[in-house]
K.L.:
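I have a structure I would like to understand better, so I am pasting it below and will then ask my questions one at a time.
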Amino acid sequence: MTSTSPTLEHKQLCEQLHYHCHRYYVLDDPEISDAEYDRLFQRLLELEKQLPELAVASSPSQRVGAPALDAFNSVEHRLPMLSLDNAFSDDELAAFDKRVADKLAGSYHYVCEPKYDGIAASLIYQRGELIQAATRGDGQRGEDITQNVKTINSVPLKLSGEHWPDLFEVRGEVYMPLKGFAELNQQALQNGQKTFVNPRNAAAGSLRQLDSKITANRPLEFCAYSVGFVEGAHFADSHSSALAKLKQWGFLISPLLKRVASIEQCLDYYRELEQQRAALAFDIDGIVYKIDEFELQQQLGFVSRAPRWAIARKFPAQEEITELKDVEFQVGRTGVVTPVAKLKPVFVGGVTVSNASLHNREEIERLGLKIGDSVVIRRAGDVIPKVVSAVANKRQSDARAIVFPEHCPACGSELQASDKEVAIRCQAGLSCPAQLKESLRHFASRDAMDIDGLGEKLLEQLVDTGLVKGIADLFKLEAWQLAGLERMGDKSANNLVAALEKAKHCQLERFIFALGIREVGQATSRNLVRHFASLDALAGASLDALCEVDDVGPIVAEHIVHFFAQEKNQQSIAALIEAGLSWQTPVSSDARGQSLDGQTWVLTGTLESMPRNDAKKLIQALGAKVSGSVSKNTDLLVAGPGAGSKLKKAQELGIETWDEQQFLAFIEQQR
Ligand code: D41
């Protein structure tokens with residue numbers, strides 16, 4: 001029997017763990033299960049416990065963190081870490097390109113890359129092992145954060161491949177992906193700790209920990225964007241080829257890089273990325289353009305602290321400061337009273353914002369807000385604007401406390417705080433005009449009963465004039481009553497009556513969604529119909545029976561039972577049926593052309609012929625799931641114009657991809 005020596009076993013384990021860590025964190029394509037990885041890792045720790053000399057600096061065990069430091073050492077950068085000049089408009093970018101063209105004799109290329117919104121860092125590798133990591137600091141000197149950087153899973157502790165220089169520096173950005181950021185803040189909330197304002201602050205705070213065991217639990221990533229000093233082999237003639245080498249050696253390189261030959265293409269890239277920005281997994285604050293050829297970079301040289309061969313084109317800011325002028329209290333569909341910040345209008349994330357959600361009383365207390373404060377507003381992508389903090393030491397003496405109402409601002413009934421949740425609710429149900437309006441709005445919305453012409457202003461009038469006191473009253477409206485309302489002519493009145501008539505014949509799953517049962521969204525409604533097939537069966541279902549439905553847990557089940565147990569809801573449904581509402585249960589997908597049961601499709605880019613949501617419904621109606629991200633389990637990707645990283649990933653994974661024409665042709669066949 002042969003037994004491997006502990007040293008050899010340790011070496012093999014290190015190699016396996018480096019390999020699988022790279023596959024998981026850099027390539028996003030693991031080969032082994034998490035459990036298997038953990039088993040290898042535990043074995044490594046066991047060996048190092050027996051023979052502590054095996055725990056060398058490049059061992060994967062170093063990723064769990066080291067003993068806490070008293071302070072960070074200061075380190076001097078061998079080559080200064082330069083800053084980037086900014087261009088805030090197309091004109092400024094064109095002026096930059098003109099300066100470049102004037103200085104260079106022949107043609108040149110640009111590499112376009114997203115500007116990650118994180119913390120710049122310098123990593124030094126000797127004989128292929130990470131020996132030091134530092135912050136950028138003032139560009140001349142930074143802080144030694146080696147222990148912290150070692151905990152970042154996408155940083156190779158040992159390089160793969162070959163022919164790396166003996167000693168060299170890799171520069172890049174440490175950042176926190178949005179998903180990890182959301183989870184971290186969620187945890188902080190649950191533990192009663194302070195949340196981070198944005199992913200950038202969270203990344204900075206995580207890197208600044210003297211105890212690297214804390215950093216090890218923070219979801220950080222490192223994306224390499226340039227090479228600093230190099231000793232030994234010269235390995236590239238251009239920025240793009242240097243990055244390609246870094247990729248081979250195990251670094252995460254932005255998947256969105258593009259090499260282009262003209263400033264027009266640089267502008268196109270900006271527009272493309274601006275479109276994709278909201279869907280990216282991480283925050284970016286602009287685009288960086290770099291001259292690709294190293295020789296030309298050298299010819300261009302530097303001005304003070306910034307290279308003449310690179311520039312950052314900034315996106316509109318996602319955070320701005322403005323004044324909190326007042327706080328209003330809105331009553332939602334389920335009676336929850338939400339404080340809403342009324343702001344001095346401010347341009348942020350590409351739109352003018354004058355309202356922002358404040359969530360609940362706890363949030364206001366956490367932020368320590370008063371009316372009159374200067375507040376930081378954040379609007380990322382298409383997310384609802386949020387007040388993220390009050391600007392400390394800018395408070396005026398006349399700032400007023402925010403007082404929570406004791407009575408519903410819409411119906412005057414007494415508000416109640418439940419002990420199970422933070423929310424404060426109006427208990428009046430549909431007799432509260434605010435709840436009635438919100439319920440009607442939800443009922444009529446596109447994804448629910450899809451009643452055309454029943455806009456917000458009209459609903460307001462219908463409730464305020466008393467024409468509609470319950471949802472079923474909608475179907476009793478007559479054209480002459482409608483025509484008497486503001487901004488309603490005979491034609492729109494007739495159209496609305498026709499739309500209501502049409503809506504009477506609906507699908508059961510839409511009707512269930514339209515009822516507005518708490519936490520029952522479109523997907524759950526669909527699953528409920530698949531399972532129970534009729535409204536009566538659903539209304540009579542027990543908690544246990546409900547829990548058997550896909551995606552339904554005890555809480556949702558409870559909401560459903562509670563909803564159907566309430567007499568006023570039973571009356572509402574009876575009144576709707578009385579008013580002529582009827583529905584068909586869905587035709588099983590087998591009855592039509594091809595069934596997509598069990599398949600997972602992904603939609604990306606914009607579709608020209610229909611909103612993406614409609615395409616989603618068509619696919620779901622055929623039995624497939626529609627997922628937001630491409631993985632090995634994806635069966636097919638439909639890519640419209642502007643498709644980016646998802647398309648690329650699908651191609652890399654060899655997943656079948658259709659353009660819009662192919663998709664439309666397929667849908668046509670199914671009809
Ligand atoms: O993604 C970034 N934040 C990023 C930052 C990037 N993609 N490229 C960068 N390139 C440079 C030069 C051209 C100076 C090598 C940078 C930065 N600098 C940078 N980050 C912070 C200061 C400068």
Side-chain angles (χ1 to χ4, degrees), residues 77-87 93 96-97 99-100 108-123 133-143 145 152 154-155 168-178 198-201 203-204 207 220-230 236 238-244 246-247 251-260 266 269-270 273 276-277 280-294 296-315 317-318 645:
H77 298 299
R78 283 225 215 169
L79 288 178
M81 287 183 80
L82 300 170
S83 56
L84 276 168
D85 261 348
N86 288 318
L93 190 63
F96 164 81
D97 180 56
R99 290 195 296 276
V100 167
Y108 49 89
H109 292 87
Y110 286 109
V111 172
C112 314
E113 48 194 62
K115 186 166 184 298
Y116 288 73
D117 200 2
I119 312 296
S122 147
L123 276 49
T135 58
R136 177 172 177 276
D138 62 4
Q140 304 292 328
R141 304 189 71 89
E143 286 179 323
I145 49 164
I152 303 175
S154 46
V155 167
F168 76 119
E169 180 192 12
V170 175
R171 292 174 175 178
E173 202 82 357
V174 174
Y175 63 98
M176 190 176 287
L178 296 172
N198 57 38
R200 184 177 189 283
N201 285 14
L207 276 187
L220 297 175
E221 297 210 351
F222 176 80
C223 173
Y225 62 64
S226 82
V227 175
F229 77 84
V230 179
S238 66
H239 177 58
S240 53
S241 61
L243 292 183
L246 291 183
K247 187 171 178 181
F251 289 94
L252 176 72
I253 301 297
S254 174
L256 302 164
L257 293 177
K258 193 167 182 179
R259 184 172 182 270
V260 303
C266 289
Y269 182 85
Y270 177 88
L273 239 70
Q276 280 184 45
R277 185 185 189 189
L280 294 180
F282 42 84
D283 267 355
I284 62 175
D285 58 347
I287 308 291
V288 187
Y289 300 106
K290 298 176 185 170
I291 292 288
D292 192 29
E293 298 82 1
F294 281 160
L296 302 182
Q297 286 188 2
Q298 216 155 16
Q299 279 180 36
L300 288 161
F302 307 89
V303 255
S304 66
R305 293 264 174 106
R308 275 210 205 89
W309 45 265
I311 195 154
R313 168 81 159 91
K314 295 301 256 320
F315 286 138
Q318 291 189 313
S645 56

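Just so you know, ligand 1 is whichever comes first in the structure, and atom 1 is the first atom listed for that ligand.
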K.L.:
Give a yes or no answer on whether the side chain of Glu169 reaches the backbone of Phe229 with a donor-acceptor pair at less than 3.5 Å.
P.N.:
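Yes, Glu169 side chain to Phe229 backbone: donor-acceptor pair under 3.5 Å.
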K.L.:
How far is atom 21 (C) of ligand 1 from its nearest protein heavy atom, and which residue and atom is that?
P.N.:
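For atom 21 (C) of ligand 1, the nearest protein heavy atom comes out as Ala120 CB, 3.8 Å.
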K.L.:
Under a 3.5 Å distance rule, please check whether Glu173 uses its side chain to pair with a backbone N or O of Cys223 as donor and acceptor.
P.N.:
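Flag not set: sc Glu173 to bb Cys223 has no pair under 3.5 Å.
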K.L.:
Are side-chain N/O atoms of His109 and Glu293 paired as donor and acceptor at under 3.5 Å?
P.N.:
yes
K.L.:
In terms of atom number and element, which parts of ligand 1 are under 4.0 angstrom from non-hydrogen atoms of Ala310?
P.N.:
13 (C)
K.L.:
Looking only at protein heavy atoms, which one is nearest to atom 11 (C) of ligand 1, and what is the separation?
P.N.:
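Closest protein heavy atom to atom 11 (C) of ligand 1: Tyr225 CE1, 3.8 Å.
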K.L.:
Do me a favour and list the nearest non-hydrogen protein atom to atom 7 (N) of ligand 1 with residue, atom name and distance?
P.N.:
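The answer is Glu113 OE2, 2.8 Å.
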K.L.:
Measuring centre to centre across the rings, with the benzene-like ring taken for any Trp, is Phe282 within less than 6.0 Å of Tyr116?
P.N.:
yes
K.L.:
How close does the nearest protein non-hydrogen atom get to atom 3 (N) of ligand 1, and which residue and atom is it?
P.N.:
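Among all protein heavy atoms, the one nearest atom 3 (N) of ligand 1 is Tyr116 O, 3.0 Å.
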K.L.:
Less than 6.0 angstrom separating the ring centers of Phe315 and Tyr270, yes or no?
P.N.:
yes
K.L.:
Which protein heavy atom lies closest to atom 23 (C) of ligand 1, and at what distance to 0.1 Å?
P.N.:
Leu82 O, 3.3 Å
K.L.:
Please report the closest heavy-atom contact between Phe302 and Pro307, naming both atoms and the distance.
P.N.:
CD2-CA, 3.7 Å
K.L.:
Below 3.5 Å, N or O to N or O, backbone or side chain included: is there any such pair between Ser83 and ligand 1?
P.N.:
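No: no nitrogen or oxygen of Ser83 is under 3.5 Å from one in ligand 1.
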K.L.:
Parallel, tilted or perpendicular for Tyr110 and Tyr289, by the 30°/60° rule?
P.N.:
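Rings of Tyr110 and Tyr289: perpendicular, over 60°.
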K.L.:
State the atoms of ligand 1, each with its element, that fall below the 4.0 Å cut-off from a heavy-atom position in Arg136.
P.N.:
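Those of ligand 1 that fall under 4.0 Å from Arg136 are 22 (C).
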K.L.:
Atom 10 (N) of ligand 1: which of Lys115, Arg305, Lys290 has the nearest heavy atom?
P.N.:
Lys290
K.L.:
Judged by non-hydrogen atoms, does Ala306 sit under 4.0 Å from ligand 1?
P.N.:
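Not so, Ala306 does not reach ligand 1.
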K.L.:
Which of the atoms in ligand 1, numbered in the order shown and given with their element, are less than 4.0 Å from a heavy-atom of Pro114?
P.N.:
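Close to Pro114: 1 (O), 7 (N).
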K.L.:
Just by distance, do the side chain of Arg308 and the backbone of Leu300 share a donor-acceptor pair under 3.5 Å?
P.N.:
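Here the side-chain-to-backbone pair exists.
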K.L.:
Short list, please: which atoms of ligand 1 are under 4.0 Å from a heavy atom of Ser226?
P.N.:
15 (C)
K.L.:
Nearest 0.5 angstrom please: Asp292 CG to Ser241 OG, how far?
P.N.:
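The OG atom of Ser241 is 7.0 Å from CG of Asp292, to the nearest 0.5 Å.
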K.L.:
Find all atoms of ligand 1 within a distance of less than 4.0 Å from any non-hydrogen atom belonging to Trp309, and give their numbers and elements.
P.N.:
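Under 4.0 Å from Trp309, ligand 1 has these atoms: 13 (C).
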